[in-house]
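So the structure is just underneath, and the comments pick up after that.
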Amino acid sequence: MDTSELRRQDYTLDGDQVVLRDLFAQFFARECPMDVVRAAEPTGHDPQLWRATAELGAMSMALPAEAGGDGAGIVEVALLAEQLGRRIAPVPLVEHVVASRLLAAGGGDDPIATLLADASRGRTVLGLGLERYDVPQLVSSGAVAGAVVGHRAGAVVVSTGGPQPHAANQAGLPSAWRDLGAEPCVEVPVASTAVLVDRARRELKVLTAAALVGLTEGALALAVSFVQTRRTQGVPLGSLQGVSFPLADVAIGVAGARHLCRRAAWFLDHEPEAEPDLPGIAFAYAAEVATHGVTVALHAHGGLGFAVESDVSRYFLRAKGWTLAAGDPGRDVLAAGEALLAKAARPDREDRRWTSR
Amino acid sequence: MDTSELRRQDYTLDGDQVVLRDLFAQFFARECPMDVVRAAEPTGHDPQLWRATAELGAMSMALPAEAGGDGAGIVEVALLAEQLGRRIAPVPLVEHVVASRLLAAGGGDDPIATLLADASRGRTVLGLGLERYDVPQLVSSGAVAGAVVGHRAGAVVVSTGGPQPHAANQAGLPSAWRDLGAEPCVEVPVASTAVLVDRARRELKVLTAAALVGLTEGALALAVSFVQTRRTQGVPLGSLQGVSFPLADVAIGVAGARHLCRRAAWFLDHEPEAEPDLPGIAFAYAAEVATHGVTVALHAHGGLGFAVESDVSRYFLRAKGWTLAAGDPGRDVLAAGEALLAKAARPDREDRRWTSR
Amino acid sequence: MDFTVIAEDVVHRTLRRHVRELVRKHAADQLDERERRGGDGFDEPFHLALGRRGWIVPTWPVDRGGAGLDRLGARILDLELARARIPATTLGITRLVLPAVERHASAAIRDELLAGVALGSVRFCLGYTEPEGGSDLAAARTRAVRDGGEWVISGTKLFTTGAQHCQYCFLLARTDPSRPKRRGLTMFLLPLDAAGVDIQPVRTLSGVRTNIVHLDDVRVPDRYRLGEVNDGWAVLRGPLDAEHSIGPGDDDGLDDASIGVIFLRQLQLALDATAGWASERGPDGTRPADDPVVVHRLGRVAVQLAAALATPGPAGRVRGAEATVAGAAELVDVLGPAGLLDGRAPGALESGRVEWLHRYAQGTTTYLGTVEIFRGIIAQRDLGLPRPVHPAGTATDART
Amino acid sequence: MDFTVIAEDVVHRTLRRHVRELVRKHAADQLDERERRGGDGFDEPFHLALGRRGWIVPTWPVDRGGAGLDRLGARILDLELARARIPATTLGITRLVLPAVERHASAAIRDELLAGVALGSVRFCLGYTEPEGGSDLAAARTRAVRDGGEWVISGTKLFTTGAQHCQYCFLLARTDPSRPKRRGLTMFLLPLDAAGVDIQPVRTLSGVRTNIVHLDDVRVPDRYRLGEVNDGWAVLRGPLDAEHSIGPGDDDGLDDASIGVIFLRQLQLALDATAGWASERGPDGTRPADDPVVVHRLGRVAVQLAAALATPGPAGRVRGAEATVAGAAELVDVLGPAGLLDGRAPGALESGRVEWLHRYAQGTTTYLGTVEIFRGIIAQRDLGLPRPVHPAGTATDART
């Protein structure tokens, strides 16, 4: 981000985007109250919600028209992911959308075309397994994913070993260990594996960041509502700066992380190479905001927040797990440093400082 | 620190130590009011205060009896350093004491003996230059130090090039670039250079940490006094949690850093090899507490703290400079991680977990 | 200042051996794992076994049910129990309440209670917090109304951890609503088997059970009152100060710097576990410890842990809790998603110890008093800052 | 949502060239360095030169002294001035106050003032803060007493940055002490050359001069009043909201996310400088950038910078300030002791830019409103939390 560059800095949603955002918000508010979240906890996946999400068009919207999609961008999917996070909806949609887009790059021949058609209607759950292909990896939707998209030297592949036994975890994710190399697998014909896998990683980061923004805002809303109604020492709990300032800090984080996600999503859709480190930055910041935010929100509930029955505890449990499913944010911080240093060493560095000459 | 080990955990000062601490506290309160601090700012050194400190015995106390000293330990010097920090006294005493102790390891022959005798009476300022010998280094008292103790392959050396031009700096330190290799120099006959230099580094870290504890407490005291007397919105400023909680956090940091320093000093004096990473840990934590503490204390003064005339601004300016004169605390954090991993890989690791078998 | 390794004589060495034997005999070194799967901070056979050896009140004389240990002996006992990771919530709370019972219980019940505590058959839970009051204990609404030689008590108490295994609840109740709020409170030892006591389990994030206790016209004989009527705040003060790590303590270096050590032991175990994991090659053949950024991150946790362990009193409570919260988050990040697997899931790292710590840590900033309470104490007591001014004109004294 | 590079037509390209020429002609690209050595946020020749081109009020029509630029033109102008690091404190404050003057100044002085502002000959400083009140502006004690067609004003104002170069102080004064505190205030444009005005310099840590202005029975004609008597809070509100980044703003993406960008530009320069330093070999032959821990630390600052730049409104003010403070401390640590050398000292790194940032940063959490004010605004306005309750019974509204 060059503060002297003449770019628009317009973070607002346009009319269509507002409609879309509100549609998603209403959908998850209606279809995914907390009892749905809790009921799905053993497996981390709600097939009925999954189907409803498919009917909403969430799984096809960001596919190209050739693949039966609406050609929406990551900007639109990020709006969806944020609202999904807001209600911590138990559906592995983010991975599914990214995996579908990666598959769609393989063109229209079978068996990929059939798989993609199934995926776009929610009949198959697609997982994402972008770690090393030759060792078992924890796939965040591996316990429900019929197929997992991964890559090995020079090729995008889909392993179709079907769901594997659930690996129970704190975040209530339908995770499973998948040994992609050992599963039946199909190679996806793509032009450049490295470019597409890198692109998928960035999409995963931005969408996860958006989901974390929603998640943090959801936890914050619970905390705000709690401290608005309680009293202590004869005054409303939320009127004490020791309570309100930490919550304000969470709101500050959410506001910034949301904007950063929008920016990163927009660049992915429009100028993916202009700020290549932005998805990682948005992800690292959203992860930091979520880690801090759910802790503050839980603590604002006092001891009640620590009870398993508290809604805020469900948000807390997901924040780290959702984050780590998209990678260690520490890696992205390092990458941001590397990008900075690469720029510092670029020959045009002096040019940006023309006024000092 | 093994929480199951049967060691005393006695952080209290004994009677003699209390007397000593109070003596130092009174000395600096009397000899070093803020106008002395300000008057010394151009050069960062007050020769009159330096002489008074020497007369107090501060420069000989921690030397062995053979070198005319009182044989006090780092524990006692740390008490001194803390009180020096409390008044941000403009005398490079910490480096001087560490350098003197390193010289004293060289035995009683001239010219070292004469230099040490001068140093112990404050007639010569000794600097410490433990960075690479073959390139110029910034010596924190290099603008007033007649001699600088350093080391090169296998040897402790004293470079006696005399004070060099002052390198003006934010912290008001009497720093100067010294090119030890280019100055006239004397080799100090010691048994093991590596051991002694490592020891000196650790002493420097612990004493700097102690000075930073005092410095942070001094800044905190100014902030507390400021917010005690001001009112806002009809209530005392210091009664607002938005003001009092951050100051409480500084007090929490000071309490812990002080104890950690005492512990580290005690181990240096009594069991230097039992917890070898403790000096670095104490230093890293004291540096963190100081960085945070002076910022909070300055901010508690509102805009007035940002004025050059404010006393708290003088504390702020020194916190970073004093820290960095003893090294980058980030290095010590890394070293703490290395020590932890070294322990984790030790064969006796399982032994420490006997109950799990 | 003294951090020497304490020389143990033959008596202390024997004691240490005996404690280890007891732990082995009861397979008590496995209680820790059970506890993390969903325990309740208590194991009755082990608690009774401690009682048989006089180790519940180890420094009491043998004829009063203690073991006649000196402070060093008691320290060795406690360190051994901690090393074996014995769940000790109810033991700790019983010991916390005990001095108030010794001092304030009526002659009619005192000797029997103290003997029972020593034996292990009498245990206490805390009855402070209420649904509405949060950490403002003095706002307690649980009512106790005198009726002849009895009190009739109604109300609800939260976080009465261990109530299902305890005989008495150390209960704060309002006896005179017309007086200023701290002057109308009385303490009771409420028998938990009395009619009208309803104990409802509440599961916490750490897996440990706590309870809500509903009291519906529970009739309690006056002999279960502690201290004078309406003087409950003074009775409460002792246990509260101990819990808050306030007070002079002993200067013999046989106490931990603060009660925060309870949390920090868990952080230490998780940090050591993560360091162990990082030192070994993963399935992909790399050693996490070869990455300087990983080393730096573990170093950050190590520094915070060491600092928190050294931080005294209420300050140590705050640092202990906050270092545990921040440390847990950092360790989880370092381990990656497999670090969040349930300890029994295939591929779980270090038996799920870090996963558990991450959940457990969230309670430490509230458990035994919120960090805000302690910040208030430090601001007012240590720094001398003015108390918050509230509209009733009554400034809040955090030194409670 | 739109982050496209804006296409410039020939008019805008010409404008950009003209701004760069002006900067070169005045050697204004060196003002930055002078400023860091101890400036005062203002350079009169350059300010007047801006005025001659209509660039103080660039979007005003030419016949009113502006340059008739569209919003894009004004943005290009501002970005070019920022890129050349022109000290613009007085320019910024004058522009901030201007709408209130346009709207509320009496007909008797308005046209003259507006023309003067456009020319550069009339500049404004802020007269809000007082020695006792801190950030509670509404507690202002500076008294204005009517005396026929004049007001007699006495009091003291702090942080009147630029007063020595300004013609008027945008002054908050109490005209009726008997009314509730916000309803007894009136705004004035106090002529700074009036008898009884005493401007005393105050040096700040960043080297920039601010002032204390003492007013001793200063007689001000009534025509210098802005708005109605006792309605000063409404007059103040506009500039205050703008300063606090509150308000609808324009949706054309030609504004920065928040006023925090002022600080963040400085952090960006220092971060770039440190990255440049890290990319080169030091005297000992090593390249700091080869150390992953250094890369990670710079990455942390980069993430915080990007996040703060994207954070809108009052939230952006807080993040902007706090990212600058934390970032400065981190960069200083990375550079080591040579990074704290005065920019003119031998061996100083990057002309002392980071050293300067470290000092400058400490003002950002207070400058233009404390971060506590903004946290209060966010808590009440964005989160809907209840206002702090104070004993007078008047809850504090942070939305001021």
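Model, not experiment: these values are computed from the prediction. Note that these values count all heavy atoms, side chains included, but never hydrogens, waters or copies made by symmetry. The chains referred to below are lettered A, B, ... by the order of the sequence lines, with proteins before strands, and numbering in each begins at 1.
- In this structure, the portion of L240(A) lying under 4.5 Å from any heavy atom of chain C is its side chain and not its backbone.
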Exercise for the section: Step by step, work out the side chain to side chain contact (heavy atoms under 4.5 Å, CB included) result for D333(C) and K320(A). Expected result: CA-CA 8 Å; D333(C) 279 355; K320(A) 270 287 173 223; 2.9 Å; yes
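- Heavy-atom distances place the side chain of T291(A), and not its backbone, under 4.5 Å from chain C.
- Looking only at heavy-atom pairs under 4.5 Å with chain A, the residue among R344(C), H358(C), E372(C) that has the most is H358(C).
- Between chain C and the residues A287(A), G303(A), A325(A), A176(A), the largest count of heavy-atom pairs under 4.5 Å involves G303(A).
- Contacts between V308(A) and chain C at a heavy-atom distance below 4.5 Å involve backbone atoms as well as side-chain atoms.
- For the options D342(C), T370(C), L340(C), heavy-atom pairs under 4.5 Å to chain A are most numerous at L340(C).
- Using a 4.5 Å cut-off between heavy atoms, L158(C) touches chain A through its side chain atoms alone.
- A distance of 9.5 Å separates NE2 in H299(A) from OG1 in T364(C), rounded to the nearest 0.5 Å.
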Handout entry: Full working for side chain to side chain contact (heavy atoms under 4.5 Å, CB included) between L317(A) and L205(C)
Key = CA-CA 9 Å; L317(A) 287 175; L205(C) 275 184; 4.0 Å; yes
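- With a 4.5 Å cut-off on non-hydrogen atoms, V332(C) touches chain A through its backbone and its side chain both.
- For A139(C), no part lies near chain A; criterion is any non-hydrogen pair under 4.5 Å.
- Interface remark: of the candidates E131(A), H166(A), R331(A), R331(A) forms the most heavy-atom pairs closer than 4.5 Å to chain C.
- Within the 4.5 angstrom heavy-atom criterion, atoms from both the backbone and the side chain of A167(A) approach chain C.
- Listed options S140(A), G302(A), G321(A) were ranked by heavy-atom pairs under 4.5 angstrom with chain C; first place goes to G302(A).
- Side-chain contact between E132(C) and R230(A) is present, with heavy atoms from C-beta onward closer than 4.5 Å.
- Both the backbone and the side chain of S206(C) come within less than 4.5 Å of a heavy atom of chain A.
- Among all heavy-atom pairs drawn from E355(C) and Q170(A), the shortest one is O-NE2, 2.9 Å.
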Practice task
Kindly indicate, with the supporting measurements, whether the criterion side chain to side chain contact (heavy atoms under 4.5 Å, CB included) is fulfilled by L298(A) and T365(C).
Solution key: CA-CA 10 Å; L298(A) 189 141; T365(C) 55; over 6 Å; no
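- Each of G347(C), G207(C), G352(C) has some count of heavy-atom pairs under 4.5 Å with chain A, and the biggest count is that of G347(C).
- Taken to the nearest 0.5 Å, the OG1 atom of T366(C) stands 8.5 Å off from the CZ atom of F306(A).
- Atom CZ of R37(C) has more than 12 neighbouring heavy atoms from other residues, nucleotides or ligands inside a 6.0 Å radius.
- Listed for the D328(A) side chain is no donor-acceptor partner under 3.5 Å among the backbone atoms of G336(C).
- Heavy-atom neighbours of R179(C) CZ from other residues, nucleotides or ligands within 6.0 Å: above the threshold of 12.
- Per-residue heavy-atom pair counts under 4.5 Å with chain A were compared for A138(C), A329(C), A345(C), and the maximum is reached by A329(C).
- Per-residue heavy-atom pair counts under 4.5 Å with chain A were compared for V294(C), L341(C), V202(C), and the maximum is reached by L341(C).
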